[in-house]
Amino acid sequence: MGLVGCLQQRGRIMHCCLLASIVMLCSLAVGCQSAAFNDIFYPSWAADHVMSQGELLKLKLDNTSGAGFASKSTYIFGKVNVQIKLVPGDSAGTVTAFYMSSQGDEHDEFDFEFLGNTSGQPYTVQTNVYSKGSGNREQRMFLWFDPTLDFHSYSFLWNRQQVVFFVDDVPVRVFRNNEKRGVPYPQTQPMGVYSSIWNADDWATQGGLVKIDWSHAPFVSTYKNFSIDACDYSSKTSCSSWWDQPAYASLDAKQRRKLRWVEEEYMTYDYCKDSARFAAPPAECRA
């Protein structure tokens with residue numbers, strides 16, 4: 001179970017990966033280190049439903065419990081990535097989530113939520129952003145591939161200018177720093193890294209009309225290649241890296257084209273355009 005690929009560029013650690021149950025953690029505060037999954041993450045609930053199988057980690061949902069894991073450290077700014085293969089077949093009523101979150105009533109949070117569906121129907125991906133405890137910023141989209149057939153990358157890039165959600169390096173959402181417009185922006189609270197699977201059949205599939213068929217249990221989401229390239233808040237040292245460079249303050253032209261493609265071809269709901277829900281578009285939607 002060897003180490004693979006900790007690449008450096010201009011003295012900054014740029015990329016880390018997981019192979020054969022080894023998690024690679026890159027952080028300016030601690031350098032690049034390798035550790036067993038349990039050294040960096042822990043089962044946050046239902047440990048008997050969190051399974052390690054070689055290079056893979058699996059979360060299981062059955063009629064007794066879902067499951068989840070969380071990072072032991074918290075981070076402020078950087079990039080977090082994981083590869084996931086979602087529950088195959090009839091996944092209606094299930095939700096698999098990958099997210100970052102701080103703690104408290106005024107918490108900050110970035111979410112990927114994968115809403116299961118009946119066999120043959122596409123997964124819906126719901127994203128959301130909380131800042132200072134305020135959310136209600138849902139966007140929903142389909143994917144341009146079947147996320148149950150193979151592993152795909154899902155990641156957050158977080159700096160002082162923007163939060164970017166990526167799927168296989170394609171930007172699918174951007175939340176800009178609009179504090180000048182009175183919109184709180186996540187930049188003071190450290191966040192942990194989390195994932196979970198649970199029963200959400202009261203809302204997840206067709207607004208709760210389709211329930212979980214427990215005869216198809218267990219429902220399993222599978223993970224590999226975790227990567228955390230971020231500032232470890234516990235170090236209490238100042239931290240800056242490649243994500244603070246001007247090139248990452250906004251999307252480049254190619255990324256903007258990809259984002260527009262996703263919005264035009266795959267987005268099914270955008271809170272910014274929901275006039276029934278908001279009498280006037282939220283301030284960040286008018287930026």
Side-chain angles (χ1 to χ4, degrees), residues 6-18 23-33 35 40-41 69-82 97-104 106-112 127-135 137 153-167 169-181 183-195 225-252 255-256 259 284 287:
C6 246
L7 306 180
Q8 292 187 320
Q9 180 176 352
R10 296 187 178 95
R12 292 187 175 89
I13 299 168
M14 298 298 289
H15 177 71
C16 298
C17 60
L18 164 73
V23 176
M24 298 292 293
L25 173 67
C26 290
S27 168
L28 282 183
V30 299
C32 186
Q33 65 184 41
I40 297 175
F41 295 95
F69 63 82
S71 62
K72 293 181 178 180
S73 293
T74 57
Y75 307 92
I76 190 158
F77 305 127
K79 189 171 184 179
V80 174
N81 177 80
V82 68
F98 172 56
Y99 61 104
M100 297 185 69
S101 181
S102 62
Q103 302 299 313
E106 295 193 348
H107 75 292
D108 299 330
E109 185 174 331
F110 318 137
D111 295 328
F112 277 110
T127 63
N128 204 351
V129 176
Y130 286 78
S131 53
K132 304 294 186 186
S134 176
R137 298 184 174 97
S153 295
Y154 305 92
S155 56
F156 305 106
L157 169 63
W158 175 31
N159 58 33
R160 292 173 177 83
Q161 290 76 39
Q162 61 178 354
V163 180
V164 186
F165 295 64
F166 288 95
V167 175
D169 294 323
V170 175
V172 298
R173 180 170 187 169
V174 177
F175 184 75
R176 298 282 304 167
N177 185 337
N178 281 297
E179 286 193 329
K180 291 181 179 179
R181 295 175 177 265
V183 181
Y185 182 77
Q187 61 178 332
T188 61
Q189 301 186 77
M191 299 196 204
V193 181
Y194 304 87
S195 191
N225 291 352
F226 296 85
S227 171
I228 300 176
D229 189 354
C231 291
D232 187 334
Y233 190 75
S234 64
S235 68
K236 303 299 182 182
T237 60
S238 62
C239 183
S240 63
S241 188
W242 57 267
W243 53 80
D244 287 323
Q245 301 303 311
Y248 300 96
S250 61
L251 299 184
D252 60 28
Q255 290 173 324
R256 289 195 298 271
L259 177 61
E284 66 269 21

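- Although no hydrogens or angles enter the test, the distance criterion places no donor-acceptor pair under 3.5 Å between the side chain of Asn128 and the main chain of Tyr130.
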* List the steps, then state whether side-chain contact (heavy atoms from CB on, under 4.5 Å) holds for Gln161 with Val174. => CA-CA 10 Å; Gln161 290 76 39; Val174 177; over 6 Å; no
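- Between Ile228 and Phe41, the closest heavy-atom pair is CD1-CZ, 3.9 Å.
- Residue Glu284 forms a salt bridge (Lys or Arg N to Asp or Glu O under 4.0 Å) with just one option from Lys180, Arg137, Arg176, and that option is Arg137.
- When atom types are taken as modelled, the side chain of Thr127 and the backbone of Asp111 share no donor-acceptor pair closer than 3.5 angstrom.
- Within the 4.5 Å cutoff, the side chain of Ser131 has no heavy atoms near those of the Tyr185 side chain.
- At least one donor-acceptor pair closer than 3.5 Å links the side chain of Ser102 to the backbone N or O of Asp108.
- For the pair Gln187/Val163, no side-chain contact is recorded, criterion being any heavy-atom separation below 4.5 Å from C-beta on.
- The main-chain N or O of Glu106 is found under 3.5 Å from a side-chain atom of Gln189 such that the two form a donor-acceptor pair.
- In this structure, Phe110 has its ring center at least 6.0 angstrom away from the ring center of Phe175.
- Residues Tyr75 and Cys231 fail the side-chain proximity criterion, which asks for heavy atoms closer than 4.5 Å.
- With hydrogens and angles ignored, the 3.5 Å screen pairs no side-chain donor or acceptor of Asn81 with any backbone N or O of Ser227.
- Residues Val167 and Tyr154 meet the side-chain proximity criterion, which asks for heavy atoms closer than 4.5 Å.
- Ring geometry for Phe112 against Phe98 counts as parallel: the plane angle stays under 30°, on a 0 to 90° scale with 60° as the upper cut.
- For the pair Ser234 (side chain) and Ser73 (backbone), a donor-acceptor distance under 3.5 Å is absent.
- The shortest non-hydrogen separation linking Gly192 to Ser71 is CA-OG, 3.5 Å.
- Taking 4.5 Å as the limit, every side-chain heavy atom of Met100 sits out of range of all side-chain heavy atoms of Pro186.
- The aromatic ring centres of Tyr248 and Trp242 sit less than 6.0 Å apart.
- Heavy atoms only, all atoms of each residue included: Pro171 and Phe166 are closest at N-CD2, 3.6 Å.
- Val80 places none of its side-chain heavy atoms less than 4.5 Å from the side chain of Trp158.
- Inter-residue side-chain proximity for Arg160 and Asp244 is flagged as met; some heavy-atom pair is nearer than 4.5 Å.
- His107 NE2 to Ser134 OG: the interatomic distance, rounded to the nearest 0.5 Å, is 10.0 Å.
- Looking at heavy atoms from C-beta onward, Val164 lies out of side-chain contact with Phe156 at the 4.5 angstrom threshold.
- The minimum heavy-atom distance linking Ser250 with Gln255 is given by the pair O-OE1, 4.5 Å.
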